[in-house]
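Read the structure below first, then the notes.
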Amino acid sequence: MVERSQKEIWRISPWLAISLLIANFILMAWDARTESNQRILRVWIQSFASFVQSPVAFIVTRVNDYVDSYLRLRSAASENELLKQRLHELEMRLQENELLVSENERLKKLLELKEGRKYQIRMANVIARDPLKWFGTLIIDRGSSDGVKVNMPVITSGGVVGRVTTVTLLTSQVMLLTDEKSGAGALIVELGKTGALGVIKGTGKRDLLEMRYVSGSVEVNIGDSVYTSGQDGIYPHGLKIGEVVDIVKGSTTTPHLIFVKPTADLSSIKEVAVLLYEPPKLDEEILQGAEGKGGRK
Amino acid sequence: MDQTRTTIALVLAILYQWIARSVAEPLALADLPLIVVVYTALQGNTIRALLFATISGIAVDALSGGLLGASGFSKTLVAYLISEIARRVYLENILLKLLTLAGASALSVLIYYLSHRLLGQAFSDEVFNFLPYMVFMTLIAGLPVFLILDNLTIEKLREARKTDFFSSRRQARRRNPIRLGRKV
């Protein structure tokens, strides 16, 4: 590398700083322009990062499982001080089996979910979380080679998790429902009993969503379920999102402000399912509608 | 050699940032790439600090839900400000370095937040609740990183500084026969 004198560095650095700041600002403005996160730079860096993240995710999962089983073993030992060595061994095995059973049940639930849906599903493991604290995104180990596309819904047996925002060949980035930016997709939902429509928006908190624009004259109760309406062009109809936990009551002229707790456990997701669902195109719907009206005449 | 060491440190810091949150949530609060950037800026390597700031910022942004280039922008601005301060103020003491790191961490988060707001992006106001924790975690991580990097690079740096700043003065002293105690 060329050695520069300190004076030369001091002369160059303001210009370099200005040009780098302008370049970063242009990149930011360009990224802010559209809703989609599918940028070639993101795709390249994410593809590269997946080679680091996948093995780390694997190791972390194994270590967590080991620590869990160790902690369980310790608590069992303190509760059963008088039991013999044989019993300890059996307990160890039992705990290992418990882990396997819980994993089996989790996978079974997901399989049931797979069988119950009419859409094709791709199971995926979470390999990383957003490197910055401020955003709720996940990286999963399924990409365009598995048929995953931008805006496809991501779910668990508990309910909706979010949607795919960036796709690389082997991995995808998923924006959680709770992310504040997820509201940009205008997730239109309906309340279970009344069928009243509203819009769900992330609050930035991991276990809380806001439901807005529900007419103040509609009766809403704590515990009511919230489902996707299928009208936002991203999620199909009838996926469970969560349950109402709090209501700021509206009136006939002001809408309710409803707080919804997602039924999917977003804080400790290990496996998810990507729904290979693409909403019908608007043109086709309009054409079908027009044909239907024409037929009636 | 120094360049290679700080570059390796930056690559490791970026890799850490990519995986930290998967390992444990609080680990993501420490901004390791910023620590390396601040260290490089404090050493007086302004050009390298600026390039490190932009590269590490974009590398982290690419995997984040935030705007691409926002971290690069905030880190580059912070790197430039710190190298300008380091040029004018003597910051060789480790406590002063850590104080500078704390300021850099807070400023970086604020610029990051403001750049999102400026471009009309949704951003959680919880940033102000987490800011002290983030500064604290960055400081905790910064102390060992500074000490390790100092031990790796300080000898070279000292040699470089001696030749850079004092060479002309020394030559003058050598030429002065009276000071050297010689009889004229």
Side-chain angles (χ1 to χ4, degrees), chain A residues 1 4-6 9-10 12-14 16-18 20-21 23-32 37 39 41-46 48-49 52-53 56-57 60 63 126-137 139 165-166 173 175-176 179-184 201-205 267, chain B residues 3 14-15 17-25 28-29 31 44-47 49-51 53-54 57-77 79-80 83-84 87 109 112-113 115-116 118-127 130 133-134 164-165:
Chain A
M1 208 170 170
R4 290 193 175 88
S5 70
Q6 203 64 36
I9 290 172
W10 289 342
I12 296 169
S13 55
L16 181 68
I18 289 168
L20 286 176
L21 287 172
N24 276 304
F25 193 81
I26 290 170
L27 206 58
M28 267 161 44
W30 176 58
D31 199 32
N37 264 0
R39 301 269 177 250
L41 201 60
R42 271 187 204 276
V43 171
W44 285 349
I45 296 174
Q46 267 183 35
F48 177 73
V52 181
Q53 289 170 330
V56 170
V60 168
V63 170
V126 176
I127 58 166
R129 289 172 190 279
D130 199 303
L132 298 173
K133 177 85 187 155
W134 325 119
F135 301 99
T137 60
I139 309 275
T165 49
T166 309
Q173 189 178 39
M175 184 182 282
L176 297 181
D179 193 294
E180 278 207 308
K181 286 169 89 179
S182 74
K201 190 178 171 292
T203 57
K205 291 173 188 165
S267 58
Chain B
Q3 289 175 9
I14 292 169
L15 293 180
Q17 209 67 34
W18 282 351
I19 58 168
R21 213 169 160 196
S22 312
V23 179
E25 191 78 28
L29 291 171
D31 194 345
N45 298 317
T46 316
I47 293 178
L50 291 171
L51 292 173
T54 297
I58 290 174
V60 171
D61 281 336
L63 267 71
S64 159
L67 285 177
L68 198 61
S71 281
F73 185 85
S74 62
K75 283 190 174 72
T76 307
L77 196 54
Y80 183 68
S83 51
E84 282 300 306
R87 222 176 97 180
V109 173
Y112 186 78
Y113 170 78
S115 55
H116 274 79
L118 182 74
L119 292 167
Q121 300 292 305
F123 202 104
S124 172
D125 285 333
E126 281 201 344
V127 66
F130 277 106
Y133 296 106
M134 198 156 184
D164 259 15
F165 293 108

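Here is the naming used below: chain letters follow the sequence lines, and residue numbers restart at 1 for every chain.
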Atom of A/A128, atom of B/S22 and distance for their closest heavy-atom approach: CA-OG, 3.2 Å
Contact class of B/S83 relative to chain A, heavy atoms under 4.5 angstrom: neither
B/Y80, part contacting chain A, at a heavy-atom distance under 4.5 Å: side chain
Side-chain heavy atoms of A/W30 within contact of B/L67, under 4.5 Å: no
A/F135 and B/Y112 aromatic ring geometry - parallel, tilted or perpendicular at 30°/60° bounds: perpendicular
B/A70, part contacting chain A, at a heavy-atom distance under 4.5 Å: both
Atom of B/T46, atom of A/S13 and distance for their closest heavy-atom approach: CG2-CB, 3.4 Å
Residue part contacting chain A, namely of B/Q17, when any heavy atom lies under 4.5 Å: both
Among the listed options B/V127, B/V23, B/D61, the residue most often paired with chain A at heavy-atom distances under 4.5 Å: B/V127
Part of B/L77 within contact of chain A (heavy atom distance under 4.5 Å): both
A/I26 versus chain B, the contacting section by heavy-atom distance below 4.5 Å: neither
Side chain, backbone, both or neither of B/I58 within contact of chain A (heavy atoms, under 4.5 Å): both
Top contributor to chain B interface from A/V60, A/V56, A/L132, A/I139 [non-hydrogen pairs under 4.5 Å]: A/L132
With B/Y113 via ring pair (Phe, Tyr, Trp, His ring centres under 6.0 Å) - residues at least two apart: B/F123, B/F128
Best-contacting candidate, B/S74, B/A24, B/A62, against chain A by heavy atom pairs under 4.5 angstrom: B/A62
Spacing of CE belonging to A/M28 relative to CD belonging to B/Q121, to within rounding of 0.5 Å: 9.5 Å
Any side-chain heavy-atom pair of B/S115 and A/F25 under 4.5 Å: no
A/D31 side-chain N/O to B/L68 backbone N/O, donor-acceptor pair under 3.5 Å: yes
Part of A/A57 lying under 4.5 Å from any heavy atom of chain B: neither
Gap between atom CZ of A/R129 and atom CG of B/L63 - 0.5 Å precision: 14.0 Å
Considering all heavy atoms, the nearest A/L20-B/L50 contact: CD1-O, 3.6 Å
